[in-house]
Amino acid sequence: MNNSDLNTKTISLETYGISHANFHYQLSSEELHRITLEKGMGQESDLGAIAVNTGEFTGRSPKDRFIVKDAITEDKIWWGDINIPFSEAAFDKLYDKVIAYLNTKELFVRDAFACAEPKHQLSIRVINEYPWSNMFAYNMFLRPTVAELETFTPEWTVVNAPGFMAEPSVDGTRQHNFAILNFTRKIALIGGTGYTGEIKKGIFSALNFILPTFKNVLPMHCSANVGEDGDTAIFFGLSGTGKTTLSTDPNRKLIGDDEHGWTPENTVFNFEGGCYAKVINLSKENEPEIYGAIKKGAILENVVLDDSGAVDFTNTSITQNTRVSYPIYHIDNIQEPSIGKNVKNIFFLTADAFGVLPPISKLTPAQAAYHFISGYTAKVAGTEAGVVEPVPSFSTCFGAPFMPLHPTKYAEMLSKKMKEQGVNVWLINTGWTGGPYGVGTRMKLKYTRAMINAVLNGDLGLYSYDAYHIHSVFGVAQPRECPGVPTEVLSPRATWNNDEAYYKTAFKLTNAFRENFKKFEPFANEEIRRGGPQRYAF
Ligand code: ATP
Ligand code: MN
């Protein structure tokens, strides 16, 4: 049991304009689990974890994410399609409406921290309409002890009202759902969506502004773990590329699966206190640690249960984005507190649905900068039968939707750190091999793990030039051999058995890279520009 379960403290919500006392403060995970079932808002799975449906939204809604344009943010935010401005006046009005709505509801309130590094800790109060959303906050944020709770003063507030529907024409939103950050009032206001990911990514986005702007800490959309010798590995990657899967490694201590900060003292700390894993096709055999974390205290989202409460992880009838959240202590091998040092290796994970990038390659510092700014992965087009074309998707810093500052700010900080620390950077394709999506197959998790282990154990010819082949199109260094991986798997071209088709597809991708990078060219020096692919289609 966690210490915060013993809480006897009471609070008032008057300062938020919530005048009633019909709220529960700092309930234990067990109580929230029970209340969720009692209210008919969830089912108990045979694994012990509760299962809920998040409703209309089963994923984040980036087009409905706004930032209030005010004295703090006006000159600093990289405004555009990603960081969409919202006026102070409209925010104040909408906030009051949401509060009026919450004044009629039974509420669940929880105090928590973000950031495992004490110096950078952010205290957060989360006010939820639903008990399971509050349980999510228990799982995902850092849990204060009873003593810490005594002196707790909330700095940021998350106001989460999934049942509140905005009226776009009156409220200035795009549609009925919204997630709005206000840096002056220090509020993340979320309405019209029950997707829990909005809660954690709201605070993440706030930290991605605060930490580099005021504390010289580099925030990263990455997972991290520590080896026996104390070396830290970092895994950057967009959604679905393997951050959670690959950082959860029985032989290394997990620091965190999604959000970290890199300090001037070169420690790497988790922002969170839990993990949020995809569970599509999850199996006990392939991912025993994550499977084992699905027990009482965990929350399954949008999965389908049969009458006996058995979870069918292959059922995607609600969404492909089925998830489970669990407190980090559900994993056996964890780093406590969630702080690592001595960063030795950085992995950029990409799920290349064209199947043309090598499954593992080593990047020069210039290539690392180029790929970090590009942030490539691919989205697979609809799952309907027939012709399927993968769509290249570029998201700068491997996390553009959460990065309020101009990407070069983060890229410069990372480049500097990589140089100072002499870090090795690897590009890992966890996507397709033997052909594009529809023809080839997804890289076997077993092989990706073997490649990463080879790097981390120092078995991958780090210093011998002969051990690598320079890829003629991408210019990256492709290892010729890797323990635990069939040699032919290491060369994407070899797995295709059709050179012409391979090169044609590779050029399609390099052209997409070039097209995407144009907007960053003014910010990139000659060296970084040369870190891109070497050949393009004519
Ligand atoms: P998010 O940012 O949305 O949390 P993530 O980067 O943490 O995404 P994961 O949750 O690790 O992504 O998802 C990777 C998915 O791909 C998992 O379902 C995993 O089982 C599957 N997978 C299949 N093959 C591989 C592979 N070779 N490497 C990594 N993951 C793989
Ligand atoms: Mn993840």
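Atoms within a ligand are numbered from 1 in the order they appear, just like the ligands themselves. We're numbering straight along the sequence, starting at 1.
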- Distance from atom 31 (C) of ligand 1 to nearest protein heavy atom, with residue and atom: Arg442 NH2, 3.5 Å
- Message: Regarding ligand 1, does Gly242 bring an N or O atom to under 3.5 Å of one of the ligand's N or O atoms?
- Response: yes
- Message: Which option wins on minimum heavy-atom distance to atom 7 (O) of ligand 1: Val279, Thr244, Leu445?
- Response: Thr244
- Task: Of the side chain and backbone of Thr448, name the one, both, or neither that has a heavy atom under 4.0 Å from an atom of ligand 1.
- Result: side chain
- Could you tell me whether the Mn ion (ligand 2) has an N, O or S atom of Ser223 under 2.8 Å away? no
- Item | Per-residue contact class, Arg323 against ligand 1 - non-hydrogen pairs under 4.0 Å | side chain
- Residue portion contacting ligand 1 (non-hydrogen atoms closer than 4.0 Å) for Asp258: side chain
- Item | Shortest protein contact, atom 8 (O) of ligand 1 (heavy atom only) | Gly240 N, 2.9 Å
- Item | Lys201 N/O under 3.5 Å from ligand 1 N/O | no
- Query: At a non-hydrogen distance cut-off of under 4.0 Å, which region of Lys243 contacts ligand 1 (side chain, backbone, both, or neither)?
  - Reply: both
- Item | Pairwise salt bridge (Lys or Arg N to Asp or Glu O under 4.0 Å) hits with a residue in residues 226-241, at least two apart | Asp231-Arg252
- Query: Taking both backbone and side-chain atoms of Asp257, is any N or O found less than 3.5 Å from an N or O belonging to ligand 1?
  - Reply: no
- Message: With the threshold set at under 4.0 angstrom, would you say Lys444 reaches ligand 1 through any of its heavy atoms?
- Response: yes
- Query: Is the closest N or O pair between Ala277 and ligand 1 shorter than 3.5 Å?
  - Reply: no
